[in-house]
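Input: a single structure, listed below in structure tokens.
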Amino acid sequence: MHLYQEQPIKIYNSLSGEKELFKPINDGYVGMYVCGPTVYSNVHLGNVRTFMSFDMVFRYLKHLGYKVRYVRNITDAGHLENDADEGEDRIAKKARLESIEPMEVVQRYTVDFHNILNKFNFLPPSIEPTATGHIIEQIELIKDILQNGFAYEINGSVYFDVVKFNESHDYGKLSKRNLEDMIHNTRELDGQSDKRNPQDFALWKKAEPQHIMRWPSPWSDGFPGWHLECTAMSTKYLGEHFDIHGGGMDLKFPHHECEIAQNEAAKGQSPVNYWMHANMLIMNGKKMAKSTGNFILPNEIFTGDNANITKAFSPSVARFFMLQAHYRSVLDFTNDGLLASEKGFNRLMEAINHLDHLPVSTTSSIDLPSWIQKCYDAMNDDFNSPILIANLFEGVKYINQIKEGNESISQEDLNSFKNTIHTFVFDVLGLLPSQSSSDNSDDKLTGTVELLIKLRQEARANKNFALSDQIRDELTSLGIQLKDGKEGTTFSTN
RNA sequence: GGCGUCUUGGCCGAGUGGCUAGGCAGUGGUCUGCAAAACCAUCUACAGCGGUUCGAAUCCGCUAGACGCCUCCA
């Protein structure tokens, strides 16, 4: 008996526009593909939010006992800056600007990407393939599409024939667009393109002489079209038909639409059962943009070195903040929001620390099993992490009530209570426990402050409040806060 | 211009045709030598207008606004 058999989940499928009962193709196994980053600059915070959403999905599916193969690619082949069939490839551009090899650009930002994700406590995907590592597979796919008559070659480049494809298939079914509208609304190109129609997209592009990243192919020395790599890699590692495909909302069109078209054209079947799209992250109510200063790098959150925030926030606080919003909602990244989340997060962590010291009774006064099921219900309902967190705070309330003696809990219930909290907070949400003063690695500081706490206690016992307050206030101004509790005084630093 | 998503209390942010979301802040209280911290309790909602309904913040329409996509950015 697996957990997933008793916890059916519903997923909002972008394709149908409805929440659907999740049923994997192979019982007990889940194949999930998520479009990864193009590594030509530091990872975008919005990108982090998207991957965090799928990290949570991955974690929950695993928790339910599914064997999940999670594939998230790295786009390291340069692609053109626009679909109008002109412009420079972004990695090459960066390489030119910094006078380094394109692969140095790729390496630098791949490392940055992994560093940031590690700080946020992401689980590594099962496979993290690169586009440049799958050129052969992409060329084979192009051959299939050409052979099936849905692409044409011209001047060494190969384009997907959207108009022809649409005659027998439905191009636009994911993004709810129809080709007629698109054709009517397209601005005329300058006639520089080899494409038959503006809606067509490149499968293979012949490289200009100055283009550094290039590979041989039957059509020319060139490079693959952007949409193709995901089709090639998802097919290779998950098959022609798999369970879940995710990505940011902005990839729905054209990228994911094109993926569907490529799969149908090459393999004759729609590749994905459940399409999931994570919504955008905005900042202070507006789109993040470097040009307006309305922008923050993930790392700047941890250092506090950005004008948009007043202090540094730990990765777990930032993670908690993001998971307090549903993945399909637009989330506004603000200093006030972060501050609020930090306090809530700390309260949650304090309560979890108390779990180990709760008094046990012979019976429980709370209905623990139904609370546990409420936590599962939240996640089963399209991975509703905000509701889960609301339930966890209800758990916090229980913990405090038990601590105060207003509620009671049996040993058996306490064990499953602890278990459930740990599962959801650390395994599913992927939060990291905050360091309490007790396991502060800085022993010298801890010893020193504990000495001062002791001296302050003695002063208070002697009613020398001038001294005791002086110790307290001067520590406060150093960023060390004393917390008087029933079981003595603890401290925290910030 | 086209398509789509959204508009909830001081702030963030869920959800639902009739039943308290939650967090932060505020207020009252417990604790304290006084505070802080912690804990307990608690106030303020569902953009506007019209319609469907016994009943809508929840469904439908219109208006206003926001955001996204339509140039590959998640």
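All chains are named by letter (A, B, ...) in the order of the sequence lines, taking the proteins before the strands, and each is independently numbered beginning at 1. Note that the structure is a prediction, hence the values are computed from the model and not measured.
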Would you please test A:K374 and A:E394 for salt bridge (Lys or Arg N to Asp or Glu O under 4.0 Å) and show each step?
CA-CA 11 Å; A:K374 270 168 68 182; A:E394 201 176 305; 3.1 Å; yes
Worked check of side chain to side chain contact (heavy atoms under 4.5 Å, CB included) between A:E257 and A:R177:
CA-CA 10 Å; A:E257 200 70 61; A:R177 289 159 200 247; 5.7 Å; no
Set out, in order, the CA-CA distance, both residues' side-chain angles and the distance that settles side chain to side chain contact (heavy atoms under 4.5 Å, CB included) for A:N42 and A:F113, then state yes or no.
CA-CA 7 Å; A:N42 296 292; A:F113 176 64; over 6 Å; no
What do the steps show when you test A:D469 against A:R456 for salt bridge (Lys or Arg N to Asp or Glu O under 4.0 Å), and what is the final call?
CA-CA 8 Å; A:D469 288 358; A:R456 174 166 166 269; 5.5 Å; no
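Below 30°, between 30° and 60°, or above 60°: for A:F201 and A:H227 the angle between ring planes is above 60°, a perpendicular geometry. Between A:F165 and A:Y171, the ring planes lie perpendicular to each other; the angle is over 60°, past the 30° to 60° tilted range.
Both A:G337 and A:K287 sit near RNA chain B, but only A:G337 has its closest nucleotide nearer the 5' end. The residue among A:N391 and A:S175 whose nearest nucleotide of RNA chain B lies closer to the 5′ end is A:S175.
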Using a 4.0 Å cut-off on protein heavy atoms (strictly under), produce a 5'-to-3' string for nucleotides 34-44 of chain B with B for base contact, S for backbone-only sugar-phosphate contact, and - for none.
BBBB-SSS---
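As rounded to the nearest Å, B:U27 and B:A35 have P atoms that lie 15 Å from one another. A gap of 13 Å separates the C1' atoms of B:A45 and B:C11, to the nearest Å. Straight-line distance between the P atoms of B:C12 and B:A47: roughly 14 Å, to the nearest whole Å. Taking the P atom of each, B:G61 and B:C6 are spaced 13 Å apart, rounded to whole Å. For the P atoms, the distance linking B:A36 with B:G26 amounts to 11 Å, nearest Å. The C1' atoms of B:U8 and B:G23 are separated by 15 Å, rounded to the nearest whole Å. Across the P atoms, B:G48 and B:U7 are found 13 Å apart, a figure rounded to whole Å. Distance check on atom P: B:C67 versus B:U16 gives 26 Å, rounded to whole Å.
Residue A:K374 contributes atom NZ, which lies 11 Å from atom C1' of B:G22 at whole-angstrom precision. Rounding to whole angstrom units, CG of residue A:L338 and C1' of B:G23 are separated by 13 Å. Atom CH2 of A:W275 is separated from atom P of B:A74 by 16 Å (rounded to the nearest Å). Between the CG atom of A:N279 and the P atom of B:C6 there is a distance of 9 Å, given to the nearest Å. Between the P atom of B:C6 and the CD1 atom of A:I282 lies a distance of 15 Å, rounded to the nearest Å. Separating the CZ atom of A:F345 from the C1' atom of B:G22 is a distance of 17 Å, rounded to the nearest angstrom. In this structure, CE of A:M249 is placed 11 Å from C1' of B:A74, rounded to the nearest angstrom. At whole-Å resolution of the value, CG in A:D336 and C1' in B:A25 are 10 Å apart.
The strand RNA chain B forms stems, runs of 3 or more Watson-Crick or G-U wobble pairs with distances below 3.5 Å, at B:1-7 with B:64-70, B:10-12 with B:22-24, B:26-30 with B:38-42, B:47-51 with B:59-63.
If you take CD1 on A:I387 and CG on A:D377, they are separated by 10.5 Å, rounding to the nearest 0.5 Å.
Between A:R59 and A:D55 a salt bridge is recorded (basic side-chain N to carboxylate O distance below 4.0 Å). A:R472 has no carboxylate O lying under 4.0 Å from a charged side-chain N of A:D484, or vice versa, which leaves the two without a salt bridge.
Residue A:L392 is out of contact with every strand shown, counting any heavy-atom pair closer than 4.0 Å.
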Would you tabulate the nitrogen or oxygen pairs shorter than 3.5 Å linking the protein to nucleotides 13-16 of chain B?
{"unit_1": "B:G13", "atom_1": "OP1", "unit_2": "A:D332", "atom_2": "N", "d": "3.0"}
{"unit_1": "B:G13", "atom_1": "O2'", "unit_2": "A:Q324", "atom_2": "O", "d": "3.4"}
{"unit_1": "B:A14", "atom_1": "OP1", "unit_2": "A:H326", "atom_2": "N", "d": "2.7"}
{"unit_1": "B:A14", "atom_1": "OP1", "unit_2": "A:S329", "atom_2": "OG", "d": "3.0"}
{"unit_1": "B:A14", "atom_1": "O3'", "unit_2": "A:N384", "atom_2": "ND2", "d": "3.4"}
{"unit_1": "B:G15", "atom_1": "OP1", "unit_2": "A:N384", "atom_2": "ND2", "d": "3.1"}

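Side-chain contact, A:E259 with A:N263: no donor N or O sits under 3.5 Å from an acceptor N or O. Under 3.5 Å, the side chains of A:N308 and A:N306 contain a donor-acceptor pair of N or O atoms.
Judged purely by atom type and a 3.5 angstrom limit, A:W275 has no side-chain atom pairing as donor or acceptor with the backbone of A:S16.
B:G33 has A:F465 stacked on its base ring, the centres lying under 5.5 angstrom apart and the planes within 30 degrees of parallel.
Closest heavy-atom contact between A:E342 and A:K311: OE2-NZ, 2.9 Å.
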